[in-house]
Amino acid sequence: MFESLQAVPADPILGLSIAYKNDENPSKVDLGVGVYKTETGETPILKSVALAQRQRIETETTKTYIGSAGDAGFNDKLAKLVFGEGNPVLARQCTVSTPGGTGALRMAAEFIKRCNPGATIWVTDPTWANHNALFNAAGIQVKSYRYFDKDNSSVDFAGMMDALQSVPKGDVVLLHACCHNPSGADLNQAQWLAFAELAKEKGFTPLIDMAYQGFGDGLDEDAFGPRTLAATLPEFLLTTSGSKNFGLYRERIGALTLVGENSTRVAILSSVIQNVARCIYSMPPAHGAAIIDIVLGSTELTELWKTELAEMRGRIHELRSLLVDKLHARQGKKDFSFITKQYGMFSFLGISKEQVHRLKDEFSVYMVDSSRMNVAGINHSNVDYLADAITKVL
């Protein structure tokens with residue numbers, strides 16, 4: 001049975017990690033893997049999470065199954081975190097816990113296939129590298145639409161809206177809620193309003209991927225897109241992740257939220273999506289969901305978490321400005337100010353594949369070929385070396 005298989009090429013980002021680990025240059029810089037890092041290069045356990053985890057261990061009484069929908073407390077609190085307390089949409093949505101944001105996306109794909117087996121999912125050009133693979137693996141066709149203007153390093157909103165005019169009714173349009181990965185270029189509020197109206201007019205269904213709530217402008221600000229869709233459309237899908245804003249990368253906790261026209265419809269959606277879960281992994285992991293439930297269920301821990309999240313967000317904004325200042329002090333060939341106008345951990349540096357390879361081969365600076373860099377990999381100890389290296393390859 002196994003003899004016909006051929007080795008699958010390693011994921012390019014994971015391959016970068018291996019190369020970086022084996023590099024003996026003491027000045028090496030890792031801008032590849034998309035995890036948050038501190039000034040010392042560590043991915044920390046948040047204090048709020050550590051306190052919640054301790055409470056979880058001390059109070060947990062069973063390891064029995066929690067059901068296909070997952071932790072009810074987590075599902076409820078996460079929906080309120082996204083949509084806001086008292087939002088009417090809370091009465092016409094169902095949320096299920098999933099194994100990470102990636103699991104939520106795969107669940108969304110399987111659910112879409114149940115609704116409309118012939119649907120196409122339209123993703124931004126560019127988008128997170130794993131989107132295409134996830135949807136293709138579920139047997140769904142994927143196409144892309146214009147999103148990023150490389151020449152101006154910003155959203156090509158006119159091109160995006162023009163491209164979406166031709167998306168058929170019944171297809172699905174994926175859009176990042178905030179902190180677009182890999183470009184860092186986000187829609188503004190007026191653009192979100194226009195997108196919502198277009199979805200309503202054309203009849204396509206938005207799938208919003210919200211992996212970085214709180215990493216852009218703030219928890220409420222970053223949720224403007226989903227909240228706008230909730231006020232405009234009868235239905236859409238939303239995937240979320242606890243990996244970044246709670247630092248729970250290893251716990252693999254995410255969620256899929258389905259917004260329906262009314263509570264009767266949502267009851268049907270809930271039964272279907274739980275059946276989808278049952279057919280894939282049966283029951284979701286409990287630990288990460290329980291930690292988030294404890295944090296968001298405690299006023300003290302919630303405030304501590306919000307403070308820690310604001311510190312991470314502020315550090316990323318500071319690093320963006322710092323790198324731009326260092327680059328502009330060294331050269332005048334290229335304007336890098338676009339980096340300060342983007343959000344989240346990622347930006348395209350806007351250099352060629354050949355220049356990216358020179359950074360790796362000559363200076364041990366690691367980023368993917370597209371020049372997408374993880375801004376959180378920069379710190380005050382390596383920023384001068386990094387700026388020198390980038391300047392030399394321009």
Plane angle bin for F336 and H328 - parallel if under 30°, tilted between 30 and 60°, otherwise perpendicular
tilted

Report the relative orientation of the aromatic rings in H180 and H176; use parallel for angles under 30°, tilted for 30 to 60°, perpendicular for over 60°.
tilted

I'd like to know if [X] and [Y] make a salt bridge, using a cut-off of under 4.0 Å between side-chain N and carboxylate O.
{"X": "K21", "Y": "D30", "result": "no"}
{"X": "D23", "Y": "K360", "result": "no"}
{"X": "K392", "Y": "D388", "result": "no"}

Do the side chains of N25 and Y20 get nearer than 4.5 Å, heavy atoms only?
no

Taking ring-ring contact (aromatic ring centres under 6.0 Å, His included) as the cut-off, I'd like each qualifying pair that reaches into [range], sequence neighbours left out, listed once.
{"range": "residues 28-47", "answer": "none"}
{"range": "residues 207-254", "answer": "F246-W305"}
{"range": "residues 148-167", "answer": "F148-F348"}
{"range": "residues 48-90", "answer": "none"}

Can you sort out the partners of [X] under side chain to side chain contact (heavy atoms under 4.5 Å, CB included), two or more places apart, ordered by chain and number?
{"X": "N262", "answer": "T264, R265"}
{"X": "S321", "answer": "T340"}
{"X": "P285", "answer": "P99"}
{"X": "K63", "answer": "E60"}

Separation of I121 CD1 from L174 CG (nearest 0.5 Å)
7.5 Å

State which residues pass side-chain hydrogen bond (donor to acceptor under 3.5 Å, both in side chains) with N136; sequence neighbours excluded, sorted by chain then number.
none

What residues form a side-chain hydrogen bond (donor to acceptor under 3.5 Å, both in side chains) with T120, not counting sequence neighbours?
Q141

Under 4.5 Å side-chain heavy-atom separation, chaining through any Ile, Leu, Val, Met, Phe, Trp or Tyr, what else clusters with Y343? Say none if it is isolated.
none

Going by the rule ring-ring contact (aromatic ring centres under 6.0 Å, His included), which residues pair with F204 if we only count those two or more places apart in sequence or in a different chain?
F195

Going by side chain to side chain donor-acceptor pair (under 3.5 Å), S48 matches just one of E308, K306, E300, E303. Which one?
E308

